Q: 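This is the structure, below, for whatever I ask next.
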Amino acid sequence: MGTTLALTFPWGRYHATPWGRNVNEAAVEWPPSPWRLLRALYATWKTRAPDLEPEVVMTTLSMLADPPVFVLPPWGAAHTRHFMPDLQHRLTLGGQGRNRDKAFDPFVVMERGAEVAVTWPVELDPEQRALLGRLAELLPYLGRAESICQARLVDEGYVPTGTRCPPLDDLQDDVAHEPPVRVLVPSAPLEETSLTTRTTDVRRRRLLDPPGTRWVEYPSPEQPAPERQRMLREVAAPTAVRWAIASPAQPSLRAAVTMAECLRRACMSRYGRLHGGGCLRPCPARTLGEPPYRDTGMRTTSRLTRTGTVCSTTSSSGCPPGSRPRRCGPSEPSTD
Amino acid sequence: MSTRQLIDIELQPVTGSRFQPTGFPDIGPALFQRPLREDRGVRWVDALLLESAQSMANHLEAVGWDRAEQRPVEALAGLPYVRVVAADDGRYLTSSRTEAHRLASAFVKDAALDGVEMREVLKGRLGLHDDTPLAPREISRAVFQLDPLCLVHGVFFADAAWPGQPKIARAVTGFIEALDVRPAISGGVKRDDVRHAIAEGSAGAKEGYGSIPYHRTEYTAASIVASLSIDLAQIASYGLGEPASALLAAIARWEIRALLDGGLRLRTACDLATLGGPLSDRDGVPLPEMPEAEGELRRLIGESRDLLGDGSPTEVVWSPRQARSTAREAPGGDEGT
């Protein structure tokens, strides 16, 4: 049956940066690192339950050194960015030296109240279960301090819901789980120093990984596609060319017309190169004195859509011989 | 005892339905997807971080400080703190209540108390020694006597001069999220009725002249929720006993009530208010109204006098010369702090 802790993140967020990654890479640690979890339980003992017997604590935590199996709820990744005052903040007067560093805050998003089940393949005796249950109850957060967490030791009969995520070595199938995620776990036998080593100590010793730890691969937890994600339809050939506007500011109507004209000219140029000098008709921007174009029966219109994108479309409906070119322009009003 | 008090408060814009989220011009708002459970399963909706944990901490601290008078508000009178004054004329500079790093701020640690550098003063008060384990409860007691709000909002003594560099996490944290959001695009023009055209070589937009059109992206949301947490177990772990522990929890609740009652005008175009009615935590425990919260503070401050002393601030003296001298003498710091 094993020993299972159920972790609940009341705010539906888990903030933790994987070991070896810079926080400004916006990478998220998922599933949570078992090494981090044991360190959190150790810290909880030291700060909130110092009355517990050290020998029993270390024996219990040592039982949890093996890589556990996770059951994970649906999740997503997100991040926010902040400008944090550094240690020299406002050291100088007169408005100078407002030293602030940009810092990313990556986090995993899940349903509020969703549980993450962590199961170790060991059976604890009653004393150890009581101790672990108390540490779990007192666990304040996992990861960064805003990643508040409520943990509980569950009883026999608990059935977690979610996606099962065991260590890759435990998976006895021939399915390729690509790409796997590496998670830091404590080495066995568990050393107390691996639970107390600070990041600065690791760097001072010029080590890549904390002593007393090892990497274990887990299958990459499936991340549900957001609802708004649309499936691209297969098309035999493009029938529209569209500007993707990256800035949150939408173009003015005047700018949109200019942008559409640039796009239209680019399309015409491309079309001409592909079709031996043929052109897309009508061409309101055709300059006087330019050589006549071969009529291929194509026409183009440009419009500013309500979402702010500038769209030029081509169609194969041709103009009757001798008819005057129709002027192109936005067919929908701008949102400005 | 419950280990944590979780409070969720639904908010709404004071006027209209639009609000301006936190963000930066080149980055934009903090949009992400959040799952919502419905009858048919989980639905992912667009969510927006309206106010981060860091900003909420600033707002909670700000309600306790009277900027005009440059001192704590009346409700927090009687709680000690460190006040930094200039060496030349004694004018107020800053304090442990207003500095981003609180007791560990550059202005505090570079200042002097009765001629002794504050780095050494804090090192002695917190009992920090080389080759000696940290004593968390002694540290908590010392911090409580210097500025108890550092035990509510956290402090990190990150300086190589302090062995062990103790860190105290914040006991109250929170943020504001908006769910199921949609952008509301608008704009305007900053008009210049005097300079109708910018001639070449003359002062222009950069200097503030001329009419300048601008865009604005605000948002509407199906719901806006402020989520706050008071870590009661952490407060208890300080080992201060009663009534000091109750006082710290009361400070946190007072700050939350003061923030809600005083108006959540987070930025120019983001003015929020509660929906009205009594507020309570997830267990149904009511959040005290302001008169009750203030009364509880006064009572507990009085009962904690043995630890707080008379509550007067510790005044330390800061000079630029001392700060430069400290900078030249500082040993190499730790990596990755």
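Model, not experiment: these values are computed from the prediction. Chain A is the first sequence line, chain B the second, and so forth, proteins listed ahead of strands; every chain is numbered from 1.
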Q: Pick one of side chain, backbone, both or neither for B:Q54, based on which atoms fall under 4.5 Å of a heavy atom in chain A.
A: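 Answer is side chain: those atoms of B:Q54 sit under 4.5 Å from chain A.
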
Q: Between the main-chain N or O of A:T213 and the side-chain N or O of A:W35, is there a donor-acceptor pair closer than 3.5 Å?
A: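 Not confirmed, A:W35 side chain does not pair with A:T213 backbone.
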
Q: Is it the side chain or the backbone of B:L228 that comes within 4.5 Å of chain A heavy atoms, both, or neither?
A: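 Contact with chain A: backbone only.
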
Q: Checking heavy atoms, do the side chain of B:R4, its backbone, both or neither come under 4.5 Å from chain A?
A: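 When you check distances to chain A, only side chain atoms of B:R4 fall under 4.5 Å.
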
Q: For residues A:V23 and A:F104, report the shortest heavy-atom separation together with the two atoms involved.
A: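 A:V23 and A:F104 have their closest heavy atoms at CG2-O, 3.2 Å.
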
Q: At a heavy-atom distance under 4.5 Å, which candidate from B:S229, B:G154, B:P136 has the highest pair count against chain A?
A: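 Ranked by heavy-atom pairs under 4.5 Å with chain A, first place is B:S229.
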
Q: Can B:D110 and B:R119 be said to form a side chain to side chain contact (heavy atoms under 4.5 Å, CB included), step by step?
A: CA-CA 7 Å; B:D110 286 343; B:R119 273 189 182 80; 2.7 Å; yes

Q: By a 4.5 Å heavy-atom criterion (distance strictly below it), what part of A:P73 contacts chain B: side chain, backbone, both, or neither?
A: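 Neither part, no heavy atoms under 4.5 Å.
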
Q: If we only count heavy atoms from C-beta on, is the B:E10 to B:S223 side-chain gap below 4.5 Å?
A: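 Yes - at least one pair of side-chain heavy atoms lies under 4.5 Å apart.
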
Q: Counting only N and O atoms by type, is there a donor-acceptor contact under 3.5 Å from the side chain of B:E99 to the main-chain atoms of B:V108?
A: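 Side chain of B:E99 to backbone of B:V108: no pair is present.
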
Q: Can you tell which part of B:F175 gets under 4.5 Å to a heavy atom of chain A, answering side chain, backbone, both or neither?
A: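 Interface part for B:F175: side chain.
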
Q: What class does the angle between the rings of A:W30 and A:W75 fall in, given that below 30° is parallel, 30 to 60° is tilted and above 60° is perpendicular?
A: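 Rings of A:W30 and A:W75: tilted, as their planes differ by 30° to 60°.
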
Q: Checking heavy atoms, do the side chain of B:R170, its backbone, both or neither come under 4.5 Å from chain A?
A: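 B:R170 touches chain A through side-chain heavy atoms alone.
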
Q: Of all of A:I148, A:D105, A:T47, A:T44, which one pairs up most often with chain B through heavy atoms under 4.5 Å apart?
A: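 When all of A:I148, A:D105, A:T47, A:T44 are compared, A:I148 has the most.
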
Q: List the atom of A:R48, the atom of B:A233, and the distance in Å for their closest heavy-atom pair.
A: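 Heavy atoms of A:R48 and B:A233 come nearest at NH1-CB, 3.1 Å.
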
Q: Under a 4.5 Å heavy-atom cut-off, does chain A meet the side chain of B:L36, its backbone, both or neither?
A: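 For B:L36, neither part sits under 4.5 Å from chain A.
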
